[in-house]
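So the structure is just underneath, and the comments pick up after that.
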Amino acid sequence: MNVIEVKNLYKSFENGKQVTEILKNINLTVKHGEFVSIMGPSGSGKSTLLYLLGGLDQPTRGNVLINGTDLSTLNDKKLSSMRNEEIGFVFQFYNLVPNLNVVDNISLPLMLSGKKISDYNDKIDEVLELIGLEDKRKLTPRELSGGQQQRVAIARSLVFDPEILFLDEPIGNLDSKTGMKVMELFAKINREYGKTIVQVTHSEKSAEFGTKLVRLIDGEIDEVSDVKKLYKTA
Ligand SMILES: Nc1ncnc2c1ncn2[C@@H]1O[C@H](COP(=O)(O)OP(=O)(O)O)[C@@H](O)[C@H]1O
Ligand SMILES: [Mg+2]
(Lines give C-alpha, C1' and ligand atoms only; values in the text may rest on other atoms or scores of the structure.)
(Ligands and ions follow the chains in the order given, each with its own letter.)
Protein backbone atom coordinates (compact mmCIF):
# COMPACT_ATOMS: atom_id res chain seq x y z
CA MET A 1 0.00 0.00 0.00
CA ASN A 2 1.06 3.57 -0.58
CA VAL A 3 1.99 5.45 2.57
CA ILE A 4 1.03 8.71 0.87
CA GLU A 5 -1.36 9.11 -2.02
CA VAL A 6 -2.25 12.46 -3.52
CA LYS A 7 -5.14 12.68 -5.97
CA ASN A 8 -5.97 15.68 -8.16
CA LEU A 9 -4.87 18.13 -5.52
CA TYR A 10 -5.51 21.86 -5.90
CA LYS A 11 -4.83 24.71 -3.52
CA SER A 12 -5.74 28.35 -3.94
CA PHE A 13 -5.46 31.26 -1.57
CA GLU A 14 -7.99 34.05 -1.50
CA ASN A 15 -6.84 37.58 -0.96
CA GLY A 16 -9.86 39.82 -0.94
CA LYS A 17 -11.41 39.30 -4.37
CA GLN A 18 -8.29 37.85 -5.88
CA VAL A 19 -7.87 34.07 -5.96
CA THR A 20 -4.41 32.69 -6.62
CA GLU A 21 -4.05 29.06 -7.59
CA ILE A 22 -0.90 27.80 -5.88
CA LEU A 23 -1.09 24.05 -6.59
CA LYS A 24 -2.69 22.49 -9.64
CA ASN A 25 -3.62 18.89 -10.35
CA ILE A 26 -0.98 17.28 -8.15
CA ASN A 27 -0.91 13.48 -8.31
CA LEU A 28 1.74 11.63 -6.39
CA THR A 29 2.31 8.35 -4.57
CA VAL A 30 4.95 7.58 -1.98
CA LYS A 31 5.69 4.04 -0.92
CA HIS A 32 6.91 2.84 2.46
CA GLY A 33 10.63 3.52 2.87
CA GLU A 34 10.93 6.02 0.04
CA PHE A 35 12.85 9.25 0.56
CA VAL A 36 11.31 11.86 -1.74
CA SER A 37 12.79 15.29 -2.42
CA ILE A 38 10.60 18.11 -3.71
CA MET A 39 12.55 20.78 -5.58
CA GLY A 40 11.51 23.86 -7.47
CA PRO A 41 11.89 27.63 -7.63
CA SER A 42 10.99 29.78 -4.67
CA GLY A 43 7.24 30.34 -4.59
CA SER A 44 6.45 27.24 -6.67
CA GLY A 45 4.30 25.79 -3.88
CA LYS A 46 6.71 23.33 -2.22
CA SER A 47 5.92 24.24 1.39
CA THR A 48 2.22 24.48 0.63
CA LEU A 49 2.31 20.93 -0.79
CA LEU A 50 4.24 19.61 2.22
CA TYR A 51 1.74 21.14 4.66
CA LEU A 52 -1.17 19.62 2.75
CA LEU A 53 0.53 16.20 2.84
CA GLY A 54 1.02 16.55 6.58
CA GLY A 55 -2.50 17.74 7.30
CA LEU A 56 -1.35 21.17 8.49
CA ASP A 57 -3.56 22.80 5.86
CA GLN A 58 -6.54 21.70 3.76
CA PRO A 59 -6.69 21.48 -0.04
CA THR A 60 -9.19 23.48 -2.07
CA ARG A 61 -9.90 20.34 -4.09
CA GLY A 62 -8.56 16.82 -4.25
CA ASN A 63 -7.43 14.31 -1.65
CA VAL A 64 -4.49 13.35 0.50
CA LEU A 65 -4.49 9.78 1.82
CA ILE A 66 -2.10 8.68 4.55
CA ASN A 67 -1.93 4.90 4.85
CA GLY A 68 -5.20 4.71 2.96
CA THR A 69 -7.03 7.21 5.18
CA ASP A 70 -8.34 10.31 3.44
CA LEU A 71 -7.38 13.23 5.70
CA SER A 72 -10.58 15.07 4.76
CA THR A 73 -12.64 12.34 6.46
CA LEU A 74 -10.97 12.86 9.84
CA ASN A 75 -12.40 15.08 12.54
CA ASP A 76 -10.08 17.57 14.27
CA LYS A 77 -9.26 15.20 17.10
CA LYS A 78 -8.41 12.26 14.82
CA LEU A 79 -6.41 14.52 12.50
CA SER A 80 -4.37 15.94 15.33
CA SER A 81 -3.63 12.53 16.79
CA MET A 82 -2.56 11.30 13.34
CA ARG A 83 -0.32 14.35 12.96
CA ASN A 84 1.18 13.68 16.36
CA GLU A 85 1.69 9.97 16.18
CA GLU A 86 2.14 9.04 12.53
CA ILE A 87 3.80 12.16 11.17
CA GLY A 88 6.89 14.09 12.23
CA PHE A 89 7.78 17.57 10.97
CA VAL A 90 11.19 19.25 10.82
CA PHE A 91 11.38 22.89 9.73
CA GLN A 92 14.21 25.15 8.59
CA PHE A 93 14.32 27.17 11.80
CA TYR A 94 14.17 24.32 14.36
CA ASN A 95 11.26 25.85 16.34
CA LEU A 96 12.69 24.85 19.72
CA VAL A 97 11.44 26.42 22.94
CA PRO A 98 14.32 28.66 24.13
CA ASN A 99 13.91 28.16 27.88
CA LEU A 100 13.47 24.38 27.77
CA ASN A 101 16.48 22.08 27.85
CA VAL A 102 17.20 19.42 25.22
CA VAL A 103 15.27 16.61 26.93
CA ASP A 104 12.27 18.83 27.62
CA ASN A 105 12.21 20.10 24.04
CA ILE A 106 12.25 16.50 22.81
CA SER A 107 9.51 15.56 25.29
CA LEU A 108 7.27 18.50 24.42
CA PRO A 109 5.03 16.63 21.92
CA LEU A 110 4.48 13.95 24.59
CA MET A 111 3.55 16.55 27.20
CA LEU A 112 1.19 18.34 24.80
CA SER A 113 -0.54 15.02 24.10
CA GLY A 114 -0.88 14.28 27.80
CA LYS A 115 1.44 11.26 27.73
CA LYS A 116 3.32 10.09 30.80
CA ILE A 117 6.93 11.06 30.06
CA SER A 118 8.30 8.22 32.20
CA ASP A 119 6.73 5.72 29.75
CA TYR A 120 8.95 7.20 27.06
CA ASN A 121 12.31 7.35 28.86
CA ASP A 122 13.80 4.57 26.71
CA LYS A 123 12.56 6.24 23.53
CA ILE A 124 14.03 9.59 24.62
CA ASP A 125 17.39 7.93 25.36
CA GLU A 126 17.27 6.20 21.98
CA VAL A 127 16.64 9.39 19.99
CA LEU A 128 19.26 11.27 22.02
CA GLU A 129 21.79 8.60 21.11
CA LEU A 130 20.70 8.73 17.46
CA ILE A 131 21.35 12.48 17.28
CA GLY A 132 24.58 12.13 19.27
CA LEU A 133 23.66 14.58 22.04
CA GLU A 134 23.40 12.28 25.08
CA ASP A 135 25.89 14.49 26.93
CA LYS A 136 23.90 17.68 26.21
CA ARG A 137 20.56 16.66 27.75
CA LYS A 138 20.39 19.59 30.16
CA LEU A 139 21.55 22.38 27.81
CA THR A 140 19.16 24.95 26.38
CA PRO A 141 19.02 25.78 22.65
CA ARG A 142 21.15 28.91 23.00
CA GLU A 143 23.98 26.73 24.30
CA LEU A 144 23.90 24.63 21.11
CA SER A 145 25.13 25.20 17.56
CA GLY A 146 22.61 25.43 14.70
CA GLY A 147 23.36 21.87 13.64
CA GLN A 148 22.87 20.62 17.19
CA GLN A 149 19.59 22.54 17.49
CA GLN A 150 18.33 20.94 14.30
CA ARG A 151 19.32 17.52 15.69
CA VAL A 152 17.16 18.22 18.73
CA ALA A 153 14.26 19.11 16.41
CA ILE A 154 14.87 15.82 14.59
CA ALA A 155 14.80 13.88 17.88
CA ARG A 156 11.57 15.68 18.81
CA SER A 157 10.02 14.63 15.48
CA LEU A 158 10.86 10.98 16.22
CA VAL A 159 9.70 10.68 19.81
CA PHE A 160 6.30 9.23 18.82
CA ASP A 161 8.04 6.90 16.38
CA PRO A 162 6.04 8.22 13.40
CA GLU A 163 6.07 6.36 10.11
CA ILE A 164 6.55 9.51 8.03
CA LEU A 165 8.85 12.52 8.35
CA PHE A 166 8.18 15.77 6.49
CA LEU A 167 11.14 18.13 6.22
CA ASP A 168 10.88 21.72 4.98
CA GLU A 169 14.36 22.93 3.95
CA PRO A 170 15.88 21.16 6.96
CA ILE A 171 19.43 22.29 6.20
CA GLY A 172 18.51 25.67 4.72
CA ASN A 173 19.89 27.50 7.73
CA LEU A 174 23.10 25.48 8.14
CA ASP A 175 26.55 25.76 6.60
CA SER A 176 27.14 23.13 3.93
CA LYS A 177 29.39 20.83 5.98
CA THR A 178 26.97 20.78 8.94
CA GLY A 179 24.09 20.40 6.49
CA MET A 180 25.60 17.31 4.89
CA LYS A 181 26.06 15.73 8.34
CA VAL A 182 22.38 16.36 9.05
CA MET A 183 21.48 14.83 5.66
CA GLU A 184 23.52 11.75 6.56
CA LEU A 185 21.45 11.49 9.72
CA PHE A 186 18.21 11.63 7.68
CA ALA A 187 19.58 8.97 5.32
CA LYS A 188 20.27 6.77 8.34
CA ILE A 189 16.78 7.41 9.74
CA ASN A 190 15.38 6.43 6.33
CA ARG A 191 17.46 3.27 5.88
CA GLU A 192 17.92 1.91 9.39
CA TYR A 193 14.67 3.04 10.97
CA GLY A 194 12.63 2.53 7.81
CA LYS A 195 11.02 5.96 7.99
CA THR A 196 9.37 7.31 4.88
CA ILE A 197 10.70 10.82 4.26
CA VAL A 198 9.46 13.70 2.12
CA GLN A 199 11.72 16.75 2.10
CA VAL A 200 11.57 20.13 0.43
CA THR A 201 15.02 21.28 -0.56
CA HIS A 202 16.88 23.83 -2.65
CA SER A 203 19.99 21.74 -2.78
CA GLU A 204 20.68 19.15 -5.48
CA LYS A 205 23.29 17.68 -3.17
CA SER A 206 20.79 17.15 -0.42
CA ALA A 207 18.32 15.63 -2.91
CA GLU A 208 20.96 13.00 -3.69
CA PHE A 209 20.36 11.53 -0.24
CA GLY A 210 16.84 10.62 -1.36
CA THR A 211 15.42 7.96 -3.67
CA LYS A 212 13.01 10.03 -5.74
CA LEU A 213 12.90 13.59 -7.02
CA VAL A 214 9.76 15.61 -7.69
CA ARG A 215 10.21 18.87 -9.58
CA LEU A 216 7.55 21.48 -9.06
CA ILE A 217 7.11 24.47 -11.38
CA ASP A 218 4.36 27.07 -10.87
CA GLY A 219 2.38 24.70 -8.68
CA GLU A 220 2.46 21.76 -11.06
CA ILE A 221 4.57 18.63 -11.08
CA ASP A 222 7.01 19.01 -13.93
CA GLU A 223 8.91 15.77 -13.49
CA VAL A 224 9.21 12.76 -11.18
CA SER A 225 12.45 10.82 -11.42
CA ASP A 226 14.54 8.29 -9.54
CA VAL A 227 17.64 9.67 -7.90
CA LYS A 228 20.93 8.31 -9.12
CA LYS A 229 22.68 6.91 -6.12
CA LEU A 230 25.75 9.10 -5.91
CA TYR A 231 25.62 8.96 -2.15
CA LYS A 232 27.54 5.93 -0.89
CA THR A 233 26.10 4.12 2.08
CA ALA A 234 28.55 4.04 4.95
N1 LIG B 1 -1.40 31.33 3.65
C2 LIG B 1 -1.15 31.88 2.44
N3 LIG B 1 -1.95 32.85 1.97
C4 LIG B 1 -1.75 33.41 0.75
N5 LIG B 1 -0.74 33.04 -0.08
C6 LIG B 1 0.09 32.08 0.35
C7 LIG B 1 -0.07 31.45 1.63
N8 LIG B 1 0.92 30.51 1.76
C9 LIG B 1 1.64 30.59 0.62
N10 LIG B 1 1.16 31.51 -0.23
C11 LIG B 1 1.70 31.83 -1.55
O12 LIG B 1 1.80 30.63 -2.28
C13 LIG B 1 2.95 30.61 -3.10
C14 LIG B 1 3.76 29.37 -2.84
O15 LIG B 1 4.28 29.45 -1.53
P16 LIG B 1 5.16 28.30 -0.90
O17 LIG B 1 4.41 27.02 -0.93
O18 LIG B 1 5.62 28.78 0.43
O19 LIG B 1 6.37 28.23 -1.94
P20 LIG B 1 7.81 27.57 -1.81
O21 LIG B 1 7.86 26.78 -0.54
O22 LIG B 1 7.95 26.73 -3.05
O23 LIG B 1 8.79 28.70 -1.84
C24 LIG B 1 3.69 31.90 -2.81
O25 LIG B 1 3.39 32.81 -3.84
C26 LIG B 1 3.11 32.34 -1.49
O27 LIG B 1 3.13 33.75 -1.39
MG1 LIG C 1 8.97 26.98 1.18
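Position 1 is the first residue of the sequence; numbering continues from there. Order of listing sets the numbers, starting from 1, for every ligand and every atom in it.
Remark: the backbone N or O of Phe35 is paired with a side-chain donor or acceptor of Thr211 at under 3.5 angstrom. Here the side chain of Asp222 pairs no donor or acceptor atom with the backbone of Leu216 at under 3.5 angstrom. Listed for the Glu129 side chain is no donor-acceptor partner under 3.5 Å among the backbone atoms of Ile124. Remark: the backbone N or O of Gly132 is not paired with any side-chain donor or acceptor of Arg151 at under 3.5 angstrom. The main-chain N or O of Leu144 is found under 3.5 Å from a side-chain atom of Gln149 such that the two form a donor-acceptor pair.
Among the atoms of Ser47, an N, O or S atom falls under 2.8 Å from the Mg ion (ligand 2).
Distances below 4.0 Å separate heavy atoms of Pro41 from the following atoms of ligand 1: 22 (O).
In terms of protein heavy-atom proximity, atom 25 (O) of ligand 1 is nearest to Gly43 O, 4.3 Å. Among protein heavy atoms, atom 16 (P) of ligand 1 sits closest to Thr48 OG1, 3.6 Å. In terms of protein heavy-atom proximity, atom 18 (O) of ligand 1 is nearest to Ser47 CB, 3.7 Å. Regarding atom 19 (O) of ligand 1, its nearest protein heavy-atom neighbour is Gly45 N, 3.3 Å. Scanning the protein heavy atoms around atom 10 (N) of ligand 1, the nearest turns out to be Phe13 CE1, 3.5 Å.
Contacts between Ile22 and ligand 1 below 4.0 angstrom, taking non-hydrogen atoms only, involve the side chain exclusively.
Distance check on atom 6 (C) of ligand 1: some protein heavy atom falls below the 4.0 Å cut-off. Contact annotation for atom 1 (N) of ligand 1: protein present (non-hydrogen atoms, distance under 4.0 Å).
Glu169 pairs in a side chain to side chain donor-acceptor pair (under 3.5 Å) with only one of the listed residues (Gln199, Gln92, His202), which is His202.
For the pair Gly219 and ligand 1, no heavy-atom separation below 4.0 Å is found. Every heavy atom of Gly40 sits 4.0 Å or more from the atoms of ligand 1.
Residue Leu79 comes nearest to Gly55 through the heavy atom pair CD2-O, 3.8 Å, listed as atom of the first residue, atom of the second, then distance.
Rounded to the nearest 0.5 angstrom, Leu158 CG and Leu128 CG are separated by 11.5 Å.
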